[in-house]
Amino acid sequence: MEIPKTYEPQKVENKWYQHWLEKNYFHSEPDEREPYTIMIPPPNVTGVLHMGHILNNTIQDVLIRRARMQGKNACWVPGTDHASIATEAKVVKKLMDEGIKKSDLTRDEFMEHAWEWTNKHGGIILDQLKKLGASCDWERTAFTLDDDYSESVIDVFIDLFKKGKIYRGTRMINWDPIAKTSVSDEEVIHKEVNSKLYNVRYQIEGTDDFLTIATTRPETILGDTAICINPNDIRYVGLAGKKAIIPIVNRSIPIIEDEYVDMEFGTGCLKITPAHDVNDYEIGKRHKLETIDILNADGTLNDNGLHLKGMDRFEARKVFAKELEEKGFLVKVEDHINKLGFSERTDAVIEPRLSMQWFVDMKELSKPALDNVMDGNIKFYPDNIKNTYRHWMENIKDWNISRQLWWGHRIPAWYYGDGENDFVVAKTQEEAIQLASEKTGKNLNANQVKQDEDVLDTWFSSWLWPIANFGGIKDPKSKEIQYYYPTNDLVTAPEIMFFWVARMIIAGYEYLGEKPFSNVYYTGIVRDKLGRKMSKSLGNSPDPIKLMEEYGADGVRVGMLLTAPAGNDLPFDTSQVEQGRNFINKIWNAFRLVSSWDIADIEQPNSSKIAVDWFESKLNQTLTDINDQFDKYRISDALMLSYKLIWDDFCSWYLELIKPEYQQPIDAKTKEQTIVFFEKLMRIIHPFAPFVSEEIWHLLRERKEGEDIIVTEWANVGEINKQIINDFEIASEIISGIRNVRKQNNLANKKAIDLGIVKSKNHPQKMDDLIIKMGNIKSLSYIDDKMNNSFSFIVKNSSYFIPFDDTIDIDAEKAKIEEELKYSQGFLKSVQKKLGNERFVNNAPESVVNAEKKKQADAIETIKILEGKLANLK
RNA sequence: GGGCUCUUAGCUCAGCUGGUUCAGAGCACCUGCCUUACAAGCAGGGGGUCACUGGUUCGAAUCCAGUAGGGCCCACCA
């Protein structure tokens, strides 16, 4: 078979992915083995893969593949989220482009369009994940609007309602005038914006005096129902109880007192619009004020907007301000920076709005969720993110779960009258009719019992993700939930900690009395190299599919993880993916080298024996470190260790050491050992680079049916000989020394040289054959005294001499040695200063003092050697 | 406004409970090499007064305080 000079991922990746699928390796069923479960953070069903997904899912795949190799029953459950508001917005926009208005459709008609859209675009993202190599159990692919799943969602709603944890009530909520729905507090993003502060004067009724208020939203003056001052404000003594006249509107409103008013801000005079401001609403309640709502659901003014009726709120602001000015009510306009709430999904300016909604009472529910994270029962990586979590949990507010949308789980509440309590909560209409009939004592029919028009917040379904997907809501004792729950790791973005992570933990304790996962790994945000978040609108995100086509999935995976510690943002640049690809190619070429060797019945060279012994220990030691990094969820460190093990230790040292001359055969023993090493390395790298490792695994040896790397055992740690690792390190320093001398003096690498050694006890004599091979040494000899006319360097107090055959620059050589000498003398001085310090000797632990003493002795010896060399040069 | 967090080579980051003259990695950089596994490469090399100031200590990148500058989360000042 022809082996290509560079690795060709396109030819390999799909082949292996199909193979894995055919062998059903990704599928999991409960059995005797220890389960290892990850639930994918379900992407939006109509979403497309972006770089954030690549990062997130690569990490999950690395974890799941390693667990699978460790003999655990690995189960990675994939799926998608119906993403109520986001998807509905997309469908509405698509219809709009076709000239269809949502308001012209019935609910059923709209749903048909939505499903059509979902079926067309749904799951694209899951196919894209396959390109990445994601080893998800596709048979378990879930969707939050699946029948079973939906039933669990509704069951939970009914259950929480029965427990009194869900209630319906009129509250100030966040209103999104574009999507025309309420949204939860978490879906509101506060941003600083430049705005204007309008100072407007109101006449005090029955006088010619005026009060001046400050407002950023003059159009809400139309809904004013009071003017409020601080009772301690001496400027306004005696005004309380009087009335003020709203300019233009000419309505008379009371002047009230409340300590809420900040005397320092603006004029110290506050207009109260209970319908359009959260604080005003609270004040209105305290003072039993009237509430005048001036807005429609879409943000235009309603009948209460008088002559501005039908105008958009922002247009109305301009027009009304102008009118105030023309009529002399506008005192002044100041620039003002304030924070506005924007809808996470539509970016609409959020309108505080009084409305009847459904809420979950979070106080009690959240307690175990807080405790179990704080005491480490659920671990967060990075750990310090716990503080943010705690802060939110300790100040948790009730959760508005109703949305005025159609795409989602319809709220199972049924109304039989207009009264606030004229409803029942039931799974089906029949049941609702029965309940309602019992409640009212009347015989109600289907026309009289109507279901709530609203749907539930998306997160009210996804908070059940780890439970509902194993049937844990319907039957907490079922085999599946008992086996897979609690799951092991969750890999997600910190942005959705409150939306999702916290709520899954809450649901977990409420429904199973147990955490949903043991570890939460928070990834950072993928940014471009200018530090901007990657986004479609900025156009700064590469297309991951193209990236994988160009660099290979393995290359993308490796490049992505190379610099991605948990919680850290990741400034992404294609050069990283290049690095990943180069690494994969390096592996490929190492394989090409090994596979090119013919075996012959020759003796194993001593240098090969040493190399094999050394690499075995080195590999095992590094593997220990890699395992350790994995245990700490330091994924990029585990990768970097593997990277260096393969590139530096295996390729640059081991292979260079054992490789025979061109087209010469190798001894069977060394080749077999090398293949064994290679196999072990492929197992180590497999979670990161699944495709190339599988490919090479099969090219290294004939494999039987089912002998695939994906299901082989994770490499075990063998014996580690620390001495040999240590000796090799010294030997490699000596070799570097030789190469350095060569480079600086233009001695060709091809030309064999002599090496004289004045040895200290540190010189690893056992490594001599290795030094001879790597240093291209003609003859190596031990000498008692310095060698004349030679280049020299020192490693661990041994001196190494390379005689020169031509004239060389003695002054330069001298200067070099003098510099070394100066350094050593300075070092000795500092050590001696330390040892001369009584307080150091008395206070520092003995081991530290002894280490200093050894340093002193070594330094003295080094200086002696250097002085000798210097004398010799003259 | 409250809370959390960060500041170490050009870039991205390690550096555990203070102890190898004030320090590491990858990438980038510089210098040689197209040396038959690999130029997507090989070999060699340079580069940091560990943000600043003060304190604790025999000893601090590492602990404490303050200053400056980033970042994140939360919050109803019109």
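In the text below, chain A, chain B and the rest are named by the order of the sequence lines, each starting its count at 1.
Between His190(A) and Leu340(A) the shortest side-chain heavy-atom distance does not fall below 4.5 Å. Between Thr215(A) and Thr273(A) there is no side-chain heavy-atom pair separated by less than 4.5 Å. For the pair Phe583(A) and Ile646(A), the minimum side-chain heavy-atom distance is below 4.5 Å. Leu570(A) places a side-chain heavy atom less than 4.5 Å from the side chain of Leu55(A). With contacts defined as side-chain heavy-atom distances shorter than 4.5 Å, the pair Thr220(A)/Asp277(A) does not qualify. In this structure, Ile794(A) and Tyr800(A) have side chains that are not in contact, with every pair of non-hydrogen atoms separated by 4.5 Å or more.
rC27(B) sits 37 Å from rG66(B) when the C1' atoms are compared, rounded to a whole Å. Distance noted for atom C1' between rU53(B) and rC58(B): 23 Å (whole Å). Look at the P atom in both rA51(B) and rA60(B): the space between them is 15 Å, to the nearest Å. Remark: the separation of the C1' atoms in rG45(B) and rA61(B) is 26 Å, to the nearest Å. rC30(B) and rG46(B) have their P atoms separated by 16 Å, with the value rounded to a whole Å. Annotation: rC6(B) and rA78(B) have their C1' atoms spaced 35 Å apart (nearest Å). Using P as the reference atom, rA25(B) and rG47(B) are 13 Å apart when rounded to the nearest Å. Using C1' as the reference atom, rA9(B) and rC50(B) are 10 Å apart when rounded to the nearest Å.
Just one residue in the list Thr216(A), Asn338(A), Asp335(A) forms a side-chain contact (heavy atoms from CB on, under 4.5 Å) with Leu197(A), and that residue is Thr216(A).
At a threshold of 4.0 angstrom between heavy atoms, the contacts of Arg634(A) are confined to the sugar-phosphate backbone, with no base atom among them. Note on Tyr281(A): nothing from the nucleic acid sits closer than 4.0 angstrom, heavy atoms only.
Phe678(A) meets the ring-ring contact (aromatic ring centres under 6.0 Å, His included) test with Phe650(A); sequence neighbours excluded. By the salt bridge (Lys or Arg N to Asp or Glu O under 4.0 Å) test, Lys5(A) is found to be paired with no residue, residues two or more places apart in sequence or in another chain being considered. Residues that satisfy the ring-ring contact (aromatic ring centres under 6.0 Å, His included) test with Phe688(A), not counting sequence neighbours, are Phe630(A). Every residue meeting the ring-ring contact (aromatic ring centres under 6.0 Å, His included) condition with Phe499(A), not counting sequence neighbours, appears here in chain and number order: Trp459(A).
Aromatic ring centres of Phe677(A) and Tyr654(A) lie closer together than 6.0 Å.
Base pairing in RNA chain B yields stems of at least 3 consecutive Watson-Crick or G-U pairs, both distances under 3.5 Å, namely B:1-7 with B:68-74, B:10-13 with B:24-27, B:29-33 with B:41-45, B:51-55 with B:63-67.
Using a 4.0 Å cut-off on heavy atoms, the residues of residues 729-741 of chain A that approach RNA chain B are Ser736(A), Arg739(A), Asn740(A), listed by number.
Judged by the 6.0 Å distance and 45° axis criteria, Lys386(A) is not positioned over the aromatic ring of Phe380(A).
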Distances for protein N or O near nucleotides 16-20 of chain B N or O, under 3.5 Å:
{"unit_1": "rU20(B)", "atom_1": "O2'", "unit_2": "Lys855(A)", "atom_2": "NZ", "d": "2.9"}

Between protein and nucleic acid, restricted to nucleotides 76-78 of chain B and to nitrogen or oxygen atoms under 3.5 Å apart, what atom pairs and distances do you find?
{"unit_1": "rC76(B)", "atom_1": "O2'", "unit_2": "Asn279(A)", "atom_2": "ND2", "d": "2.8"}
{"unit_1": "rC76(B)", "atom_1": "N1", "unit_2": "Asn279(A)", "atom_2": "OD1", "d": "3.1"}
{"unit_1": "rC76(B)", "atom_1": "O2", "unit_2": "Asn279(A)", "atom_2": "OD1", "d": "2.2"}
{"unit_1": "rC76(B)", "atom_1": "O2", "unit_2": "Asn279(A)", "atom_2": "ND2", "d": "3.0"}
{"unit_1": "rC76(B)", "atom_1": "N3", "unit_2": "Asn279(A)", "atom_2": "OD1", "d": "3.3"}
{"unit_1": "rC77(B)", "atom_1": "O2", "unit_2": "Asp262(A)", "atom_2": "OD2", "d": "3.0"}
{"unit_1": "rC77(B)", "atom_1": "N3", "unit_2": "Asp262(A)", "atom_2": "OD2", "d": "2.9"}
{"unit_1": "rA78(B)", "atom_1": "O2'", "unit_2": "Ala214(A)", "atom_2": "O", "d": "3.1"}
{"unit_1": "rA78(B)", "atom_1": "N6", "unit_2": "Asp262(A)", "atom_2": "O", "d": "2.7"}
{"unit_1": "rA78(B)", "atom_1": "N6", "unit_2": "Phe265(A)", "atom_2": "O", "d": "2.8"}
{"unit_1": "rA78(B)", "atom_1": "N1", "unit_2": "Asp262(A)", "atom_2": "N", "d": "3.3"}

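Per the geometry, CZ belonging to Phe498(A) stands 14 Å off P belonging to rC72(B), to the nearest Å. In this entry the distance linking CG of Leu570(A) with C1' of rC72(B) reads 17 Å, nearest Å. With rounding to whole Å, Asp573(A) atom CG is found 14 Å from rC13(B) atom P. Going from atom CD1 of Ile385(A) over to atom P of rC74(B) covers 11 Å, rounded to whole Å. When rounded to the nearest whole Å, the span between CE of Met560(A) and P of rC27(B) equals 19 Å. The CD-P distance, from Glu495(A) to rC74(B), rounds to 11 Å in whole Å. rG26(B) atom C1' lies 15 Å from atom CD1 of Ile646(A), rounded to whole Å. Following rounding to the nearest Å, Lys533(A) (NZ) and rC72(B) (C1') show an atom-to-atom distance of 12 Å.
Side chain to side chain, Ser736(A) and Glu733(A) fail the donor-acceptor criterion of an N or O pair below 3.5 Å. A donor-acceptor contact under 3.5 angstrom links the side chains of Asp185(A) and Asn174(A), judged on distance only. For the residue pair Tyr643(A) / Gln579(A), a side-chain donor-acceptor distance below 3.5 Å is found, with atom types taken as modelled.
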Per-nt protein contacts along nucleotides 29-42 of chain B (heavy atom under 4.0 Å; B base, S backbone sugar-phosphate only, - none) come out as --BB---BBBSBSS
Generate the contact string for nucleotides 2-8 of chain B. Rules: B means base contact, S means sugar-phosphate contact only, - means no protein heavy atom under 4.0 Å. B-S----
Pair Tyr260(A)-His287(A), ring-ring contact (aromatic ring centres under 6.0 Å, His included): steps then yes or no: CA-CA 12 Å; Tyr260(A) 167 79; His287(A) 298 272; over 10 Å; no
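Listed by first and then second residue, the salt bridge (charged side-chain N to carboxylate O under 4.0 Å, His left out) pairs involving residues 217-229 of chain A are Arg217(A)-Glu219(A), Arg217(A)-Glu351(A), Glu219(A)-Arg317(A), Asp224(A)-Lys271(A) (not counting sequence neighbours). The list of salt bridge (charged side-chain N to carboxylate O under 4.0 Å, His left out) pairs with a residue in residues 553-573 of chain A, not counting sequence neighbours, reads Asp61(A)-Arg557(A), Arg527(A)-Asp569(A), Lys529(A)-Asp573(A).
In this structure, Thr267(A) and Tyr236(A) approach most closely via the heavy-atom pair O-OH, 2.6 Å.
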